[in-house]
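Remarks on the structure that follows.
Here the structure is a predicted model, which is why all the values come from computation and not from measurement. A note on names: the letters A, B, ... follow the listed sequences, proteins ahead of strands, and every chain is numbered from 1.
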Amino acid sequence: MKVLVPIKRVIDYNVKVRVKADNSNVDLANVKMAINPFCEIAVEEAVRLKEAGTATEVIAVSIGAKACQEQLRTALALGADRAIHIETELTLDALNIAKLLQKVVEEEQPQLVILGKQSIDSDNNQTGQMLAALTNMAQGTFASEVKVDGDKVNVTREVDGGLQTVALNLPAIVTTDLRLNEPRYASLPNIMKAKRKPMDVKAADGFGIDLSPRTQLLKVTPPADRQAGIIVESIDELVEKLKNEAKVIS
Amino acid sequence: MSILVFAEHDNKSLKADTLKTVAAAQAIGGDIHILVTGSDCQTVAEEASKVNGVSKVIVADNAAYEYQLAENISLLVTELAADYSHVLATALTTGKNFMPRVAALLDVAQISDIIAVESSDTFVRPIYAGNAIATVQSSDSKKVITVRTTGFDAVATDGNAEIVAIDTVTDAGISSYVSDELTVSERPELGAASVIISGGRGMQNGDNFKLLEGIADKLGAAIGASRAAVDAGFVPNDMQVGQTGKIVAPDLYIAVGISGAIQHLAGMKDSKVIVAINKDPEAPIFQVADYGLVADLFEALPELESKL
Ligand SMILES: Cc1cc2nc3c(=O)[nH]c(=O)nc-3n(C[C@H](O)[C@H](O)[C@H](O)COP(=O)(O)OP(=O)(O)OC[C@H]3O[C@@H](n4cnc5c(N)ncnc54)[C@H](O)[C@@H]3O)c2cc1C
Ligand SMILES: Nc1ncnc2c1ncn2[C@@H]1O[C@H](COP(=O)(O)O)[C@@H](O)[C@H]1O
């Protein structure tokens, strides 16, 4: 079976962003960019399915500016077989990303689409579920375990109260949580090999989808500043402060 | 305007988080209805009917909704959405799971995790793990929104709304429930606790979380954890606080053996009072802590328990 893995280029998770002085957005100039951590886990899961003989081909797809080809190359170095870049300079709502991915799904007919549960920049947590709705597929979100079993896939999900396992008809959508696996590092030979793997580039506006935004970003501000408080010298002092100064314990 | 609020519950009782989502609906303004989907969930409907500011509770009681499967729930909510200008759900795992499906089926964008309402079409939400706060305006005819509960205060529960049962059954038939492994605990839930004590990698193993239990007992606190503690297998995933775990804002948050990575801070830095216990004076957690104690947790915790 084919597995499709949508990946997103985002700010590196170790970087703390700053808001631009004019409050128009965050400042991404000269900031280190990377593959969204949840997408990296998605690629790893797909590659493991291939190594286990369950998947036959792993296709990575990314929507965005030319630079996201870097992240597609990373996915190829991690073991994806080929890549599709859907190029656009626009910042798209998750709904429009999902509509573009729907076109890719229609063309490629994957049995499984594995996405990240959340982009660490927009913190949307929407695309996988939207794609599932548009393609009328079942979804296993926030997955910590994925087991393909005949024409079904069992997905164990991280939910508020603990874990929940659901059985989904294939084809299906899975979104990854952090514990699903630990992604490998790309080896140098694999990085070299990735340069020769196929990458198909298509223009986002060639799909006949209205990509105009549904939401407008009016302003971006820094969060309320939290000042460091004091260092207490002892447990006695801590308990005293919590009782008498902060009044949060009695 | 008319607003449909999706109720969070376990088929027995209404989760208090729903009261905060109703507060967000009140901030938008309009006639507010609550939707209860579930199985044998009559008691939930009765509780929901007491929520202030709500004029009607719609109950869809059917086996197809017992486990809140996104495929089934989203079809029902999409159908009902025809009569509303806004559909709201709490940004917990159920709402996060099915709401984007509703948005896609309605062909509208979703606005996730709002923490404030500016007007009926303009909302405030954190992005980049809370390191930036965005104000976004929606041009869609219907707004599909998830609400972060730390942004709103629960409404009271002395109302009296009418309860209307509907018998629409939407079963997509493409997914089914297999099993669950839910954590049973006598302690308050993370989302509802006014005091939380969390342990990180510094706890070294799951057994050592017992050191937090005695303190939690004395303070009536919930116990949380960092992702590192979850990944290392010390504690189950439902204890994770952070950008990609639970977002909390208790009156008192005590972080023990937690360094203070931005992803962890994203889940707790709106707490009223933060205490950090860490042996490394340079740990970033001290930059957000009101009271910091530089100490070995294995000495500090037993002493703290004895002095409370
Ligand atoms: C996409 C993504 C999402 C993430 N989401 C989350 C999230 O939601 N929540 C989250 O928490 N993390 C999240 N993380 C992980 C995060 O980046 C950090 O790795 C994690 O928070 C670190 O946990 P920690 O502070 O327990 O461990 P460490 O960073 O290892 O810190 C351990 C601390 O314990 C202290 N310590 C050790 N021994 C003692 C002792 N005896 N006494 C006192 N102090 C001691 C040390 O000084 C140190 O400061 C995410 C990461 C990624 C990539
Ligand atoms: N521009 C994009 N290109 C490809 N995949 C994307 C893109 N944006 C989001 N995704 C996928 O959708 C997941 C969830 O993103 P989001 O809904 O934005 O939180 C990501 O982890 C990716 O797998």
Counting heavy-atom pairs under 4.5 angstrom with chain A, the leader among B/Q263, B/Q240, B/K272 is B/Q263
Which of the residues B/L252, B/N237, B/D238 is involved in the greatest number of heavy-atom pairs with chain A at under 4.5 angstrom? B/N237
Kindly say whether A/V159 contributes a backbone atom to a donor-acceptor pair with the side chain of B/T93 at under 3.5 angstrom? no
Is it the case that the side chains of B/N97 and A/T141 hold a donor-acceptor pair, with the cut-off being a distance below 3.5 Å and no angle test? yes
Counting only N and O atoms by type, is there a donor-acceptor contact under 3.5 Å from the side chain of A/Q129 to the main-chain atoms of B/A70? no
At a 4.5 Å cut-off on heavy atoms, which part of A/E158 comes close to chain B: side chain, backbone, both, or neither? both
Looking only at heavy atoms and a cut-off of under 4.5 Å, which of B/P236, B/S179, B/A109 has the most pairs with chain A? B/S179
From B/I127 atom CD1 to A/N124 atom CG, the distance as rounded to the nearest 0.5 Å: 9.5 Å
If I measure from the heavy atoms of chain B, does A/N154 come under 4.5 Å with its side chain, its backbone, both, or neither? side chain
Given a strict heavy-atom distance threshold of 4.5 Å, which part of B/A172 is in contact with chain A: side chain, backbone, both, or neither? neither
Which bit of A/L238 comes within less than 4.5 Å of chain B, counting heavy atoms only: side chain, backbone, both or neither? side chain
Is there side-chain contact between A/T215 and B/I111, with at least one heavy-atom pair below 4.5 Å? yes
Can you measure from CD (A/Q118) to NZ (B/K96) and round to the nearest 0.5 angstrom? 6.0 Å
Quick one: which of A/A94, A/S119, A/A228, A/S250 has the most heavy-atom pairs under 4.5 Å with chain B, could you say? A/A228
Measure across A/Q126 and B/Q110 and return the closest heavy-atom pair with its distance rounded to 0.1 Å. NE2-O, 2.9 Å
Contact origin within B/S194 toward chain A - heavy atom pairs under 4.5 Å: neither
Can you tell which of A/R157, A/E233, A/Q227 has the highest number of heavy-atom pairs within less than 4.5 Å of chain B? A/R157
Heavy-atom closest pair (A/V220 atom, B/A132 atom, distance to 0.1 Å) is CG1-CB, 3.7 Å
Please say which of A/V17, A/V15, A/V26, A/V19 ends up in a side-chain contact (heavy atoms from CB on, under 4.5 Å) with B/N131. A/V17
Taking salt bridge (charged side-chain N to carboxylate O under 4.0 Å, His left out) as the test, write out the residues that go with B/E303, two or more places apart. B/K307
Can you check whether A/Q139's main-chain N or O pairs, donor with acceptor, with B/E71's side chain at less than 3.5 Å? yes
Considering only heavy atoms, which portion of A/L163 lies under 4.5 Å from any heavy atom of chain B: side chain, backbone, both, or neither? both
Side chains of B/K15 and A/D160: does their closest heavy-atom pair fall under 4.5 Å? yes
Would you compute the distance between atom CD1 of B/I262 and atom NZ of A/K16 and round it to the nearest 0.5 angstrom? 7.5 Å
Checking heavy atoms, do the side chain of B/V275, its backbone, both or neither come under 4.5 Å from chain A? side chain
Considering all heavy atoms, the nearest A/S122-B/R125 contact: O-NH2, 2.9 Å
Could you go through the side chain to side chain contact (heavy atoms under 4.5 Å, CB included) check for B/Y128 and A/I11 one step at a time? CA-CA 9 Å; B/Y128 292 89; A/I11 185 169; 3.7 Å; yes
Quick one: pull up CG in B/D180 and OG1 in A/T156 and give me the separation to the nearest 0.5 Å. 10.5 Å
Side chain, backbone, both or neither: which part of A/K152 has a heavy atom under 4.5 Å from chain B? neither
Work out which heavy atom in A/N136 is nearest to a heavy atom in B/I174; give both atom names and the distance. O-CD1, 3.7 Å
Segment of A/S234 engaging chain B (4.5 angstrom heavy-atom cut-off): backbone
Distance (rounded to the nearest 0.5 Å) between A/N125 CG and B/T244 OG1: 10.0 Å
Should A/L242 and B/V273 be marked as a side chain to side chain contact (heavy atoms under 4.5 Å, CB included) after you check the CA-CA gap, both sets of side-chain angles, and the distance that decides it? CA-CA 9 Å; A/L242 291 178; B/V273 174; 4.2 Å; yes
Go through the atoms of B/L75 and report whether side chain, backbone, both or neither lie under 4.5 Å from a heavy atom of chain A. neither
Between A/K99 and B/D107, is there a side-chain N and carboxylate O pair less than 4.0 Å apart? yes
Listed partners of B/K269 passing salt bridge (charged side-chain N to carboxylate O under 4.0 Å, His left out), at least two apart: none
Side chains of A/D123 and B/Q243, donor plus acceptor under 3.5 Å: yes
Is any side-chain heavy atom of A/I235 closer than 4.5 Å to a side-chain heavy atom of B/L293? yes
pair A/V166-B/S175: side-chain heavy atoms closer than 4.5 Å: no
Structural part of B/E189 lying under 4.5 Å from a heavy atom of chain A: neither
Does A/R226 pair with B/D290 as a salt bridge, N-O distance under 4.0 Å? yes
B/S139 side chain to A/R214 backbone, donor-acceptor under 3.5 Å: yes
Looking only at B/A261, B/P250, B/S112, B/G191, the option with the highest number of non-hydrogen pairs under 4.5 Å against chain A is B/S112
Measure B/K218 against the heavy atoms of chain A and call it side chain, backbone, both or neither at under 4.5 Å. neither
Please round to the nearest 0.5 Å and tell me the distance separating atom CD of B/E181 and atom CD of A/Q164. 12.0 Å
Chain B contact via A/I230 - side chain, backbone, both or neither, heavy atoms under 4.5 Å: both
Between the side chains of A/E245 and B/Y291, does any donor sit under 3.5 Å from an acceptor? yes
What do you reckon, is CD of A/E182 surrounded by more than 12 foreign heavy atoms closer than 6.0 Å? no
Identify which part of B/L304 has an atom lying under 4.5 Å from any heavy atom of chain A, answering side chain, backbone, both or neither. both
